[in-house]
There are 2 protein chains.
Amino acid sequence: MPGQSLISRTFAVLESVAASGSATAREVSHQLEIPLPSVYRLLNELTAHQYLVHLKAEGRFELGPKCFDLGLSFRQRLLAPSPIRQATTELHRTLQAASYFAMYRGADIVLTYLSDCDKHPRLRPLRFGFHEAAHATAFGKILLSGMTREQRSSYLEARGMPMLTPYTMTRQELLHAHLETVSTRGVAWEHEEFLPRTTCAAVPVRNGTGMCVGSLAVSMPTAKVLGRESQIETALREYAGRCSRFLRAG
Amino acid sequence: MPGQSLISRTFAVLESVAASGSATAREVSHQLEIPLPSVYRLLNELTAHQYLVHLKAEGRFELGPKCFDLGLSFRQRLLAPSPIRQATTELHRTLQAASYFAMYRGADIVLTYLSDCDKHPRLRPLRFGFHEAAHATAFGKILLSGMTREQRSSYLEARGMPMLTPYTMTRQELLHAHLETVSTRGVAWEHEEFLPRTTCAAVPVRNGTGMCVGSLAVSMPTAKVLGRESQIETALREYAGRCSRFLRAG
DNA sequence: CACTACGTTCTCACCGGACGAGAACGCTGC
DNA sequence: GCAGCGTTCTCGTCCGGTGAGAACGTAGTG
C-alpha cells in the first residue's frame with residue numbers, strides 16, 4: 001500500500017526532517033510509518049535535489065540550501081514595497097507600538113511587513129508571512145470587511161473561526177454584523193480577541209480605484225490604549241494615507 | 001516518456017515558479033516542456049501541500065507559505081550560536097570591515113553568520129548559507145586547510161575551481177601548496193581571487209580537541225588593507241580566540 | 001454576435017517506475 | 001563474536017502517473 005501519492009510522501013519526509021532539524025532515515029521511517037527502503041529512496045532523491053544534505057559522518061539528514069532559496073524567493077515576492085515599509089516603520093516610531101502591514105494574496109490575507117523593537121515587540125505569533133486568524137486580528141477584520149459577503153463566508157468556512165481567547169468572535173453572524181460597522185467607520189479595533197491583555201487597531205489602505213487592498217495596524221498592551229484611541233486612529237489614518245497615495249501613484 | 005522521475009519534475013515546477021516569481025500553468029509547461037495536463041497535476045499537488053498558492057483571479061501560481069517555513073527551519077538550524085555572532089559583530093566594529101563566520105556542514109563549507117553595515121557592506125555574492133567557491137575565499141581556504149588531503153581533493157573535484165578573477169587559483173597543485181603555508185601560518189589571505197579590488201583574511205576557530213571547526217573572516221577593499229595586515233591578523237586572532245573559548249566551554 | 005485564446009478539468013488506455021520484504025555489507029561499540 | 005545501525009541491492013508485483021484529446025467556462029476582440 002503506497003500510503004499516499006509519491007509527492008505527499010516526499011513532502012512528508014522533507015517536513016519531518018525540517019521539524020526535527022536533523023533526523024536519521026530510521027527516525028523518519030518510524031515517525032511516518034514508511035518502510036525503510038522507501039524512506040531512503042525519498043531521502044536520496046531530496047538530497048540529489050539539494051533540498052536535504054546528508055551528513056555522512058553522523059548518518060543524519062538535514063535541510064539543504066534549496067530550502068533557504070525557496071524561503072528567499074517567497075520573501076522577495078511578498079515583501080511590501082519600500083514606501084509602505086517606511087510608513088509602517090514611522091507609524092511604529094510615532095505611536096511607540098509594533099506596527100503591521102497586511103494585504104490580500106489570492107484568497108488569503110497575509111502579513112507582508114512588520115516593524116517592532118525590543119521595547120515594543122510584535123505579538124509573538126505574528127511574523128512575516130502570517131496568514132491565519134483573520135477573524136481575530138484588526139488587520140484581518142479590515143481585509144475581511146473589504147470582501148464581498150460570499151468571499152468572506154467561504155474564507156471563514158474554509159479556515160474556521162477558532163476561539164483564541166474568551167473574547168474571540170466565533171460565530172459568523174456576529175462577525176458579519178461587526179464588520180458592517182468596521183466598514184462604515186473605516187477602522188477596526190480588536191480587544192483581546194487574539195491575545196489576552198492585547199489590543200490592536202487597523203485601517204484600510206486603498207489603491208487608485210478606491211478599493212481596499214491592504215491594511216495598516218498596530219498592537220499594544222490593552223493597559224496603554226485607554227484614552228489614546230483617537231490619537232491612535234489619527235496616526236493610523238495619516239500613515240495609511242501615505243500608503244494609499246503611493247499605490248495611487250505607482 | 002515521463003521525462004524524468006516524478007520528484008524531479010515536481011521540484012522543477014516548484015523552482016520554475018520560484019524563479020519567475022509568478023507563473024501560469026502554460027508558462028511552466030512551455031519552459032519545462034512538460035505537457036499541460038501533467039503540469040496542472042503537479043501545480044495542484046503543490047498547491048494542496050501549500051508550497052504554492054493559486055491566485056485564481058489572475059490564473060497564476062506563486063510560492064506558498066511552506067516555502068517560507070522551510071527557509072526558516074534551515075536558517076534556525078544553521079545560524080551560528082549567539083556568542084559567535086557577537087564576536088563576529090565586534091570584529092566588524094573593531095576593524096571597520098564586513099566580517100563572516102563559516103563552518104563545516106557535512107562535506108560542505110557554509111557561511112553561518114555575517115555582520116556588515118552600509119559603510120562596510122558584505123561582498124555581494126556572500127550571504128547567509130553561501131557554500132560555493134571555497135577555493136577562492138579566505139574562510140574557504142582555512143576550512144579546506146583543515147581537511148585531510150583526500151577530503152580536500154574530493155571536495156575540489158566535486159565542485160571544480162572556477163576562475164572568478166584573473167588571480168583565482170584554478171589548479172589543485174597550486175592550492176594544495178598554498179594551503180600548506182596557510183595551515184602553518186594559521187591565517188589565510190585572499191587577494192582579489194574572489195572579487196576584483198577586494199581582499200579577505202581569515203583565521204581558524206577550534207573546538208576543545210584543537211580541531212579546526214570554523215573560520216572567522218573579514219573583507220575589505222584592497223586599497224584599505226595596505227600596512228594594516230598585522231593589525232588585521234591580531235584582531236582576527238583575538239575574536240577567533242573568543243569563539244574557540246566558547247566552543248571549548250559549550 | 002461569432003470567434004479566438006486562455007485557464008482549467010476530465011476521460012481513458014497504456015505501461016514505466018514506485019513499492020517493500022528481505023537480504024547483504026560495512027562499521028561501531030560492547 | 002555479537003548486536004545494532006546505516007545503507008544499498010534485488011526482484012516480482014501492480015499501482016498510479018502519463019499525455020493526447022476533448023470539453024467547459026470565461027474574457028477579450030472585431
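The model shown is predicted, which means the values in this text are computed figures rather than measured ones. Lettering of chains follows the sequences in order, A, B, ..., and the numbering in each one begins at 1.
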Problem - From dA21(C), dT9(C), dG7(C), nucleotide with atom closest to Pro37(A) side chain - result: dA21(C)

Completion exercise
Atom CG of Leu32(B) and atom C1' of dT18(D) are separated, to the nearest Å, by 16 Å

Problem - Residue closer to the 5' end of DNA chain D, Glu27(A) versus Ser38(B) (nearest nucleotide) - result: Glu27(A)

Completion exercise
Looking only at dT18(D), dT7(D), dC19(C), the nucleotide nearest the Arg26(A) side chain is dT7(D)

Practice task
Using a 4.0 Å heavy-atom cut-off across all strands, classify Ile34(B) as base, sugar-phosphate, or nothing.
Solution key: nothing

Fill in the blank from the handout: Considering only heavy side-chain atoms of Arg41(B), the closest of dA20(D), dG7(C), dT18(D) is dT18(D)

Fill in the blank from the handout: Of dT18(D), dA18(C), dG20(C), the nucleotide closest to the side chain of Arg9(B) is dT18(D)

Problem - Leu6(B), nearest nucleotide to its side chain (from dT9(C), dG20(C), dT18(D)) - result: dT18(D)

Problem - Options dA18(C), dT8(C), dT7(D), nucleotide nearest the side-chain atoms of Leu36(A) - result: dT7(D)

Practice task
Report the relative orientation of the aromatic rings in Phe130(A) and Phe194(A); use parallel for angles under 30°, tilted for 30 to 60°, perpendicular for over 60°.
Solution key: perpendicular

Handout entry: Nucleotide nearest Asn44(A) when distance is taken to its side chain, options dG7(C), dT7(D), dT8(D)
Key = dT8(D)

Practice task
Please confirm whether Arg159(B) makes a cation-pi placement over Tyr155(B), using NZ or CZ under 6.0 Å from the six-membered ring centre and within 45° of the ring normal.
Solution key: yes

Exercise for the section: Using atom CD1 of Ile7(B) as one end and atom C1' of dG16(D) as the other, report the distance to the nearest whole Å. Expected result: 14 Å

Fill in the blank from the handout: By nearest-nucleotide position on DNA chain D, the 5'-leaning member of Glu58(A) and Pro35(B) is Glu58(A)

Handout entry: Phosphate OP1/OP2 of dT7(D): any His54(A) side-chain N/O under 4.0 Å
Key = yes

Handout entry: Spacing of Glu45(A) atom CD relative to dG17(C) atom P, expressed in whole Å
Key = 12 Å

Practice task
Please tell me which of the listed nucleotides, dT8(C), dT7(D), dG22(C), lies nearest to the side chain of Ala25(B)?
Solution key: dT8(C)

Handout entry: Mutual orientation of the aromatic rings belonging to Tyr51(B) and Phe11(A) [parallel < 30°, tilted 30-60°, perpendicular > 60°]
Key = parallel

Practice task
May I ask you to check whether Glu190(A) and Thr137(A) show a side-chain donor-acceptor distance below 3.5 Å?
Solution key: no

Practice task
Tell me whether the centres of the aromatic rings in Phe68(B) and Phe74(A) are closer together than 6.0 Å.
Solution key: yes

Handout entry: Per Tyr40(B) side chain, nearest of listed nucleotides dT7(D), dG19(D), dT8(C)
Key = dT8(C)

Handout entry: Between dA20(D) (P) and Glu33(B) (CD): distance, integer Å
Key = 13 Å

